[in-house]
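Order of listing sets the numbers, starting from 1, for every ligand and every atom in it.
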Amino acid sequence: MVFSDLPIIPEIQSALKSLEYQTPTPIQAGAIPPLIEGKDLLGCAQTGTGKTAAFAIPILQKIHQSGQFALKCQPIGLIIAPTRELVVQISENLRDIGRHTKVRHTTVFGGVGQRPQVAALTKGVHLVVATPGRLLDLIDQGYCSLSKLQYFVLDEADRMLDMGFMPDVQKIVRLLPKQRQSVFLSATMPPPIQKLASTLLHQHVTVMVTPPSRTADRVKQSVMFVDRGNKRKLLDRVLADPQRTRVLVFVRTKHGADRLYKSLIDDGVAAEGIHGGRSQNARQRVLNDFKSGKIRVLIATDIAARGIDIDEISHVVNFDVPLEAEAYVHRIGRTARAGASGESITFCSADEYKYLKQIEKTIGMRIPIDREHPFHSVDAQDGEITEIVDHHRSKKSPNAKSASAEPTKRRRSISGKVRKVKPKPNRNPTKSFGKRSSPKSKRR
Ligand code: AMP
């Protein structure tokens, strides 16, 4: 199938041609015809599947064909997304796809002055692309009313839930007119998301392009077991490969991101950092530099990386294992976009092993281990201590239950031998040393 097989108007067909979109992606092929017909849509698709164009094309087309004027402070279409980066990305897609239409849109998000946003709304736009918090602020101040709304899109609904935006989303939903067309998109469908979808949609069509919680198939994934203290050196090694041209590195905290990108710059690497603590201007500049290739390595936290839409990310490195499996899916979805293939490498230390297990359970596969590096850590691969025994009890008399007995942990090495290791201080004094501290890990 090609785009000209779909009932898309010439104004949009020609824009798609200039964007070099020839074949609709599965979500586009499944969503565009019913949306043009006016049906509601539930799309289960992760980022990188072309989901933005899947709703942007029909909405732009319908507004353009209706010939409606843009009303002051009363948009007829609203697209809600969880982050400002994603809002900007959707807005860029609308601009590119709608360049030959008469549809006007604007963006609304926090962290920047509201004046230009108010000016655009007051001048009149058809479509608003917004994060929930700032939109509610502007509604409260009377600069935006949803009473004339005809099209509503909720993008990345599961991420809204993760980020604690659900109360704001519910408030917005309560302001929507009953007569409208709705699109609901989410990469995963946990029960609260299913519930919200069922309240929003009427006789909808469902398009599922990836089963929930499945990792992007085109991403070649690997895990490198490494002691925490060696992660920085392992990153140097990963970056020493010139094939790794555009590398997105995920860390858990803002401070971690700052520390890492500054130390890379000190070592002469073209690196930058992006996280919620940096100004919107700084984040946009960094993204542009990463897009243009001026920066080779971008260090990011999960939230900041959410809206990154850069096609040629060659590698995603999880410097820290994410605490949630869903974040892993989103992270590695940053590579292998728009049909390209990509690679993700996860650095896992002993204390992160349990999160890795959870991820593997969620994505339904074992992530292949890469041992071809000098920092491979058997301790990390074995995960948390598998067995902790009191050797006074096990080696000496069975009655030797002395309180001062020094407990010893036993760990299985790669060869399968059991060896003794010094115990870490017991962080949980109520936990008995006679028990296993974590489920027995299986050899991989
Ligand atoms: P999205 O999932 O909407 O974030 O889109 C991911 C990337 O795919 C974006 O860079 C789009 O510009 C690109 N894209 C979307 N649809 C197509 C298509 N049919 N052909 C080629 N690229 C596309």
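Remark: E156 engages K51 in a salt bridge, criterion side-chain N to carboxylate O under 4.0 Å. Using a 4.0 Å cut-off between charged nitrogen and carboxylate oxygen, D236 and R232 count as a salt-bridge pair. For K357 and E360, the salt-bridge test passes: some basic side-chain N is under 4.0 Å from an acidic carboxylate O.
Side-chain N or O atoms of R104 include one that pairs as donor or acceptor with a backbone N or O of G124 at under 3.5 Å.
Between Q46 and ligand 1, no N or O atom pair is found at a separation short of 3.5 Å. At least one N/O-N/O distance between Q28 and ligand 1 falls below 3.5 Å. Between T49 and ligand 1, at least one pair of N/O atoms sits closer than 3.5 Å.
Near Q89, with a cut-off below 4.0 Å to any heavy atom, the atoms of ligand 1 are 4 (O). Residue F3 has at least one heavy-atom neighbour below 4.0 Å for each of these atoms of ligand 1: 19 (N). Within the listing of ligand 1, atoms 1 (P), 3 (O), 4 (O) sit less than 4.0 angstrom from a heavy atom of T52.
Between T49 and the options L185, I27, T25, a side chain to side chain contact (heavy atoms under 4.5 Å, CB included) holds for only I27. R285 pairs with exactly one of N281, D289, N288 by the side chain to side chain contact (heavy atoms under 4.5 Å, CB included) rule, that one being D289.
Of the candidates L185, I57, L86, T23, the one placing a heavy atom closest to atom 19 (N) of ligand 1 is T23.
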